[in-house]
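Everything below concerns the one structure shown next.
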Amino acid sequence: MKFSKSISMIPLALAISNNAFSSIKTNFVFNEDDLIKNFITINQDLIKDSKRDAAFMADDQYISIRLRGFIDNWRKETKFSSSISKMVQNTNFKNILSLGKPAVPAILNEIHFAPSNLVWALNYIEGFNISKTPVTIEEACKKWVKWGFNNHLIK
Amino acid sequence: MSPLDTLVNRDTIIQIFPGLANDKNFEVHSPEEDKYNCIAWAVNRKDALWWPAVPQLDGTYWPIENKSEEFQNLIDAYCSVGYVPCETWDFEVKFKKIALYIDFDTGKFTHASRQLRSGLWTSKLGKSFDIIHSTPFTIEGDFYGSVRAFMRIIF
């Protein structure tokens, strides 16, 4: 149970026992020093947790792992489909898009090492085509990677 | 025989296209590849995915303005590169023939396959392998629907 030091707690403590600091007559142990100490401990833990979560969410590695999972499932589920409409409407592809701009460096790394139609995710997230003239998937990937280097999104 | 024509690869494909189980000419022919699709492969192209993608995606191509997935639009697209409708899938020495598939539930095109000089047929299965099959009909089913039309062009 969590308590914070507060004037509002005084009536509560008095109501429980005539001797608020005695542990003999009641199971409720009310020690102001302990309460302060616990309160500080609890809140530091919460702060640590939230900092850790924030760091974890922003972590590139975390995005890469999620992206890899979505890509694997996307490829598996659309393996025999020729329809681009079905490929981009697949839930896993939508999940890739939902990662948004923070996933762009990871996507660029993926297509840098293995050019593929994952490049379409960049069309949707960034909102433009890398070339005004028709290009192959490989050419498109190369151009996007160059764009990524130029914009300091990948090293 | 292609080194890709393994039992595992064959079984994976037959699960999706059960008609191939009894096709004595069924063979897994080329590696898995996501940089072109069946519609491009039918006209012997490997440099783009032919599909009326909206919005236009990098590495995709469609030869005509109309970006509909209605079946007639596939016929129009192939007409634009010199094919003309024909009655049968019978082998004719002077002509290269293609078969066009439709999902009758949606009225949209799903797939295209091409006749080889041997009289056998070849299909690119989505992002997966190119295969050889005896007739256009052995890959009919839930996934690609049914053959709806044939077209031809002089070799």
Side-chain angles (χ1 to χ4, degrees), chain A residues 67-68 70-90 92-94 96-97 104 107-108 110-148, chain B residues 9 12-17 20 28 32-42 45-63 67-70 74 100-103 106 108-113 123-131 139 141-145:
Chain A
L67 179 67
R68 170 93 338 248
F70 293 146
I71 293 170
D72 288 346
N73 289 336
W74 179 50
R75 289 195 173 137
K76 203 166 148 188
E77 291 177 15
T78 61
K79 185 173 180 173
F80 294 105
S81 178
S82 293
S83 164
I84 290 175
S85 309
K86 284 185 181 169
M87 288 186 226
V88 299
Q89 283 164 14
N90 179 271
N92 293 290
F93 188 76
K94 287 180 178 174
I96 291 169
L97 301 186
V104 169
I107 293 170
L108 289 167
E110 286 281 340
I111 62 169
H112 187 193
F113 295 108
S116 74
N117 52 21
L118 176 64
V119 73
W120 298 337
L122 296 173
N123 293 145
Y124 280 96
I125 294 172
E126 293 295 339
F128 63 90
N129 293 97
I130 201 65
S131 172
K132 287 179 182 172
T133 55
V135 287
T136 66
I137 290 282
E138 279 185 339
E139 287 166 346
C141 290
K142 278 182 189 169
K143 284 176 183 282
W144 273 108
V145 168
K146 190 178 176 186
W147 171 87
Chain B
N9 287 342
T12 304
I13 294 168
I14 286 169
Q15 278 177 23
I16 308 293
F17 307 99
L20 291 170
V28 182
E32 294 186 288
E33 176 67 76
D34 68 358
K35 297 170 189 70
Y36 63 99
N37 64 351
C38 62
I39 309 297
W41 182 237
R45 300 290 295 266
K46 295 175 79 174
D47 56 354
L49 290 99
W50 282 35
W51 200 264
V54 179
Q56 181 71 38
L57 300 171
D58 292 333
T60 69
Y61 174 75
W62 193 242
K67 294 292 182 75
S68 161
E69 292 182 21
E70 294 300 316
L74 180 62
L100 284 52
Y101 298 71
I102 186 173
D103 178 343
T106 62
K108 293 180 177 177
F109 67 85
T110 56
H111 182 68
S113 59
S123 279
K124 172 80 165 80
L125 305 177
K127 298 175 189 173
S128 186
F129 306 99
D130 300 349
I131 64 161
I139 54 168
D142 292 343
F143 213 83
Y144 288 154

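To find a chain, count down the sequence lines: A is the first, B the second, and so on, and within it residues start at 1.
- The candidate with the highest count of non-hydrogen atom pairs below 4.5 Å against chain A, out of B:Ala112, B:Ala48, B:Cys38, is B:Cys38.
- In this structure, A:Asn123 contributes its side chain and B:Asp58 its backbone to a donor-acceptor pair below 3.5 Å.
- Residue A:Val119 touches chain B through its side chain alone, counting heavy-atom pairs closer than 4.5 Å.
- Side-chain contact between A:Lys79 and B:Ile16: absent, with no pair of heavy atoms (C-beta onward) separated by less than 4.5 Å.
- Within the model, atoms NZ of B:Lys35 and CD of A:Glu139 stand 12.0 Å from one another, a figure rounded to the nearest 0.5 Å.
- B:Lys127 approaches A:Arg75 most closely through the heavy-atom pair NZ-CA, 4.0 Å.
- Once rounded to the nearest 0.5 Å, the distance linking CG of B:Leu125 with OG of A:Ser81 reads 11.0 Å.
- A distance of 14.0 Å separates NZ in A:Lys132 from CD in B:Gln56, rounded to the nearest 0.5 Å.
- Counting heavy-atom pairs closer than 4.5 Å to chain A, the top-ranked of the candidates B:Ile39, B:Asn37, B:Thr110, B:Val54 is B:Asn37.
- In this structure, the portions of A:Ser85 lying under 4.5 Å from any heavy atom of chain B include both its backbone and its side chain.
- Taking 4.5 Å as the limit, every side-chain heavy atom of B:Trp62 sits out of range of all side-chain heavy atoms of A:Ile84.
- Within the 4.5 angstrom heavy-atom criterion, no atom of B:Lys46 approaches chain A.
- For the pair B:Leu57/A:Val88, a side-chain contact is recorded, criterion being any heavy-atom separation below 4.5 Å from C-beta on.
- Between A:Ser82 and B:Trp50, the closest side-chain pair of non-hydrogen atoms is not below 4.5 Å.
- Side-chain contact between A:Ile137 and B:Tyr36: absent, with no pair of heavy atoms (C-beta onward) separated by less than 4.5 Å.
- A side-chain donor-acceptor contact under 3.5 Å links B:Asp34 to the backbone of A:Asn117.
- For the pair B:Tyr61/A:Val135, no side-chain contact is recorded, criterion being any heavy-atom separation below 4.5 Å from C-beta on.
- Within a 6.0 Å radius of NZ in A:Lys146, other residues, nucleotides and ligands contribute 12 heavy atoms or fewer.
- When heavy atoms are compared at a cutoff of 4.5 Å, B:Glu33 does not approach chain A at all.
- Pairing each heavy atom of B:Phe17 with each of A:Phe80, the nearest pair is CE1-CD2, 4.0 Å.
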